[in-house]
J.: 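The structure that follows is given in the form of structure tokens.
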Amino acid sequence: MKELLRIAIQKSGRLQEGSLELLKESGLSFSNGKDQLKTQARNFPVEVLFLRDDDIPQYIEDKVADVGIVGENVFIEKQRKNVLIKRLDFAKCRVSIAVPRSEDYRNVSWLSGKNIATSYPNIVRQFLDANGVKAGIHEISGSVEIAPGIGLADAICDIVSTGSTLLSNGLREVEVVMQSEAVLIASQDLGSEKQKILDQLLFRIEAVNSAKNNKYILLNCPNEAISKITSIIPGMKSPTIMPLTRSGWSSLHSVVNENDFWEKIGLLKSLGAEGILVIPIEKMIA
Ligand code: ATP
Ligand code: ZN
């Protein structure tokens, strides 16, 4: 019997949608019914397991699953025998320490002798040790942000994305302990057949993610500007040039990265580019 790569993803929560989307955009076709525990892809040697995200590192260590998608914060916190294969560029957040707004917090030494409520005791301990601060850690599993208000702790350490939860609980973010995003993690030794499936999947994920970060760009420009424009948007190898019927002008096609997109558009316009079209790319293979 052919081996299947077992991929664990979050059953429900903030990682679920991004994880499903990534697998589906990578061409895996599978059903994901509401109460399903696992499902097999119809067109790829993969089985998808739907689990609580916090349990995924343990399941991988126990060889119930081969790979999984979790927040980097969970990967670091759980300290299981897993390896980080790839950062996935979604579910971005940070793990931060916050204190009541009324406190005169200046630096980490404020935390000395205080009590910190968190769902991430290992991450907090590493942070305190790295800063040479001794403080109590009070582990709680949910609604960490209410702990100072009810007198359970002096400070908290929790996930922050916009900060609105902190604000509404009268807290202020004072230290960023780590940045996090969704990551693909794997068992330490997969065996050659499963490793081969994972490599194929990684190739697809790469194509999906680089497509997301890039746009196809078409523009018209005077012929004199072609070489300068080429140096600004060199594309994957070099741009395509097609003559326009209007003499002295060309149409130039290339690829541009999302990160410096607006800055480049400004430059292109100043070089005389007109009729700029920007189109999403679905898959991109270098
Ligand atoms: P439960 O296990 O009870 O479902 P949880 O807090 O572990 O709750 P989620 O809230 O779904 O689960 O968060 C899962 C992961 O998503 C977190 O570990 C973190 O990596 C990421 N995450 C959490 N909150 C945010 C956010 N506001 N923005 C972006 N990513 C987030
Ligand atoms: Zn969870």
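Values reported hereafter were calculated over all heavy atoms of this structure, with side chains retained and with hydrogens, waters and symmetry mates removed. Ligands are counted one by one from 1 in listed order, and the atoms in each one are counted from 1 as well.
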J.: Among all protein heavy atoms, pick out the one at the shortest distance from atom 21 (C) of ligand 1; state its residue, atom name and that distance to 0.1 Å.
T.: Cys93 SG, 4.0 Å
J.: Of the listed options (Ser119, Gly71, Ser12, Ser161), which comes nearest to atom 28 (N) of ligand 1 when hydrogens are ignored and any heavy atom counts?
T.: Ser161
J.: Look at atom 31 (C) of ligand 1 and say which protein heavy atom is nearest, naming residue and atom and giving the distance to 0.1 Å.
T.: Arg14 CD, 3.6 Å
J.: Within the 4.0 Å heavy-atom shell around Asn73, which atoms of ligand 1 are there?
T.: 17 (C), 18 (O), 19 (C), 20 (O)
J.: Does the residue Gln10 have a heavy-atom contact with ligand 1, meaning some pair of atoms that are separated by less than 4.0 Å?
T.: yes
J.: Assess whether side-chain hydrogen bond (donor to acceptor under 3.5 Å, both in side chains) is satisfied between Glu258 and Asn213, documenting all intermediate values.
T.: CA-CA 5 Å; Glu258 189 94 284; Asn213 293 328; over 6 Å; no
J.: What's the shortest distance from atom 29 (C) of ligand 1 to any protein heavy atom, and which residue and atom give it?
T.: Lys92 O, 3.2 Å
J.: For Tyr105 and Trp110, take the angle between the two ring planes, folded into 0 to 90°, and tell me which bin it lands in: parallel under 30, tilted 30 to 60, perpendicular over 60.
T.: tilted
J.: For atom 14 (C) of ligand 1, find the nearest protein heavy atom and state the residue, atom name and distance (0.1 Å precision).
T.: Asp53 OD2, 3.4 Å
J.: Restricting to non-hydrogen atoms, name the atom on Leu88 and the atom on Ile205 that form the minimum distance, rounded to 0.1 Å.
T.: CD2-CG2, 4.1 Å
J.: Can we say Lys86 and Glu206 salt-bridge, meaning some charged N sits less than 4.0 Å from an Asp/Glu carboxylate O?
T.: yes
J.: Run down the list Val183, Ile159, Ile69 and name the one with the heavy atom closest to atom 17 (C) of ligand 1.
T.: Ile159
J.: Please check if atom NZ in Lys228 has more than 12 non-hydrogen atoms from other residues, nucleotides or ligands closer than 6.0 Å.
T.: no
J.: Quick one: look up the protein heavy atom nearest atom 1 (P) of ligand 1 and list residue, atom name and how far away it is.
T.: Arg52 NH2, 4.2 Å
J.: Are any of the N or O atoms of Asp54 closer than 3.5 Å to those of ligand 1?
T.: yes
